[in-house]
Amino acid sequence: MQASSRKTYEVKGFDSFSAYNRDSMPAETYRILMNNLTALCDKILRQPAPTQLHESIESVVFPGVAPSPHLHQVSGGDAFNVTMDTSVHDIPSTAICTTCTPLDDFSNYWTAVLFFRAQNGTFKRVNTVGDGLGFNASNGGQTIYYLTNGSVTAFAPGFRMTLKEYPLLFFTCLENPWTRNIGTTQFPNTTCAGGIMATIRFPTCWNSVDLDSADHQSHTAYPSSNGTCPDIHLVTIPQVFIKTFWDTTPFNDEDSLQKALDTNCTKQTIE
């Protein structure tokens, strides 16, 4: 939680796992983005993954527990369920549709849900919106990247991983839909004119044996600064990079919002 005298948001931990449309952004922004991306990788798959549902389910960390300790927004295939037991639950053969742009991507991607806390103590869920750089028409959710640099090993069926220690989780206070900078590890505690962007980079090194681990993390690792994987995680896997855009703009004028909430509460009480 990050708070100030004006803005209070609450978000519970992130618990899991194309091409640019040049006409949708300023030419200089496009040039900078492409130069930065191509310097880091040689192949890019970028896709919008609109929200499929909001549910208190965490199939990896709390399998079989419903409700889970906190709410998630889920994108991807419709085979998502409370257990996701890979021994009996084959995602490709179970799912029949997906919110992802590649219609054969039945993977699931989920993050925690952000709430705005008003001065009177009530909570209101903050909606997500599509990426302003090409996917602004998307129904919220996330933007998913698969990035590679050189030879990589494809994810094995049933592979899963989580990110909870936040080594590569950043927040950007957006000035407009095209704002892009590395951001900060601290959640913004001020008004963000264009909303808030969260970016998550998952590990790219795998131990080549385990599809999962007890903590859902130790079977993977991040490479060193020169890109070399550690000795016990020698296999390179694609970089999964997720962006989530929270539309906090309806809460930028908290005084007006508070009056609206108070009026609505009073009306419902009378009725």
Side-chain angles (χ1 to χ4, degrees), residues 13-19 41 43-64 68 71-113 128 130-131 134-135 138-149 152-164 168-169 198-213 215-217 219-222 235-245:
F14 287 83
D15 289 325
S16 63
F17 198 15
S18 193
C41 54
K43 295 182 178 64
I44 305 168
L45 170 64
R46 177 177 182 260
Q47 60 159 319
T51 301
Q52 179 196 126
L53 77 162
H54 293 88
E55 193 66 70
S56 295
I57 291 177
E58 204 345 323
S59 308
V60 174
V61 180
F62 300 103
S68 65
L71 187 66
H72 293 90
Q73 61 161 350
V74 183
S75 302
D78 65 342
F80 181 79
N81 65 31
V82 71
T83 60
M84 299 294 280
D85 185 348
T86 56
S87 65
V88 297
H89 188 75
D90 180 57
I91 293 176
S93 63
T94 304
I96 58 174
C97 62
T98 180
T99 62
C100 297
T101 300
L103 297 181
D104 56 352
D105 183 1
F106 295 120
S107 297
N108 289 110
Y109 312 88
W110 60 93
T111 67
V113 172
T128 57
D131 190 338
F135 300 140
S138 177
N139 181 29
Q142 305 157 85
T143 300
I144 311 296
Y145 293 75
Y146 284 89
L147 311 173
T148 65
N149 189 3
V152 298
T153 298
F155 295 116
F159 180 87
R160 55 181 66 186
M161 59 182 168
T162 69
L163 179 69
K164 293 188 70 172
L168 287 174
L169 168 61
T199 60
I200 310 170
R201 287 186 180 273
F202 282 88
T204 57
C205 302
W206 177 43
N207 67 8
S208 77
V209 177
D210 302 306
L211 299 179
D212 199 358
S213 52
D215 62 359
H216 315 294
Q217 299 169 33
H219 60 308
T220 61
Y222 288 94
V235 176
T236 302
I237 54 179
Q239 170 86 80
V240 178
F241 177 42
I242 297 178
K243 291 181 179 179
T244 304
F245 297 84

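We number each residue from 1, following the sequence as shown. Since we're looking at a predicted model, the values are computed, not measured.
Rounded to the nearest 0.5 angstrom, T128 OG1 and H54 NE2 are separated by 5.5 Å. In this structure, CD1 in I242 is found 10.5 Å from OG1 in T199, a value given to the nearest 0.5 Å. To the nearest 0.5 Å, atoms CG (L169) and CZ (F202) are separated by 9.5 Å. For the atom pair CD1 (I144) and CD1 (I200), the distance works out to 8.5 Å, reported to the nearest 0.5 Å. To the nearest 0.5 angstrom, K243 atom NZ is 8.5 Å from R201 atom CZ. The CZ atom of F106 sits 7.5 Å away from atom CG of D78, with the distance rounded to the nearest 0.5 Å.
P102 approaches T98 most closely through the heavy-atom pair O-CG2, 3.9 Å. Closest of all the heavy-atom pairs between P238 and T148 is CB-CG2, 4.2 Å. Of all heavy-atom pairs between S208 and V235, the closest is CB-CG2, 3.3 Å. When all heavy atoms are compared, the tightest approach of M161 to P203 is SD-CD, 4.1 Å. Considering every non-hydrogen atom in both S75 and G141, the closest pair reads OG-CA, 4.1 Å.
The ring pair (Phe, Tyr, Trp, His ring centres under 6.0 Å) test applied to H219 returns F159, not counting sequence neighbours.
Looking only at side-chain heavy atoms (C-beta outward), V152 and Q239 stay at 4.5 Å or farther from each other. Between Y146 and F155 the shortest side-chain heavy-atom distance falls below 4.5 Å.
Under the side-chain hydrogen bond (donor to acceptor under 3.5 Å, both in side chains) test applied with Q47, the options T143, D105, T101 reduce to a single match, D105.
Under the 3.5 Å distance criterion, with hydrogens and angles disregarded, a donor-acceptor pair is assigned to the side chains of Q73 and T51.
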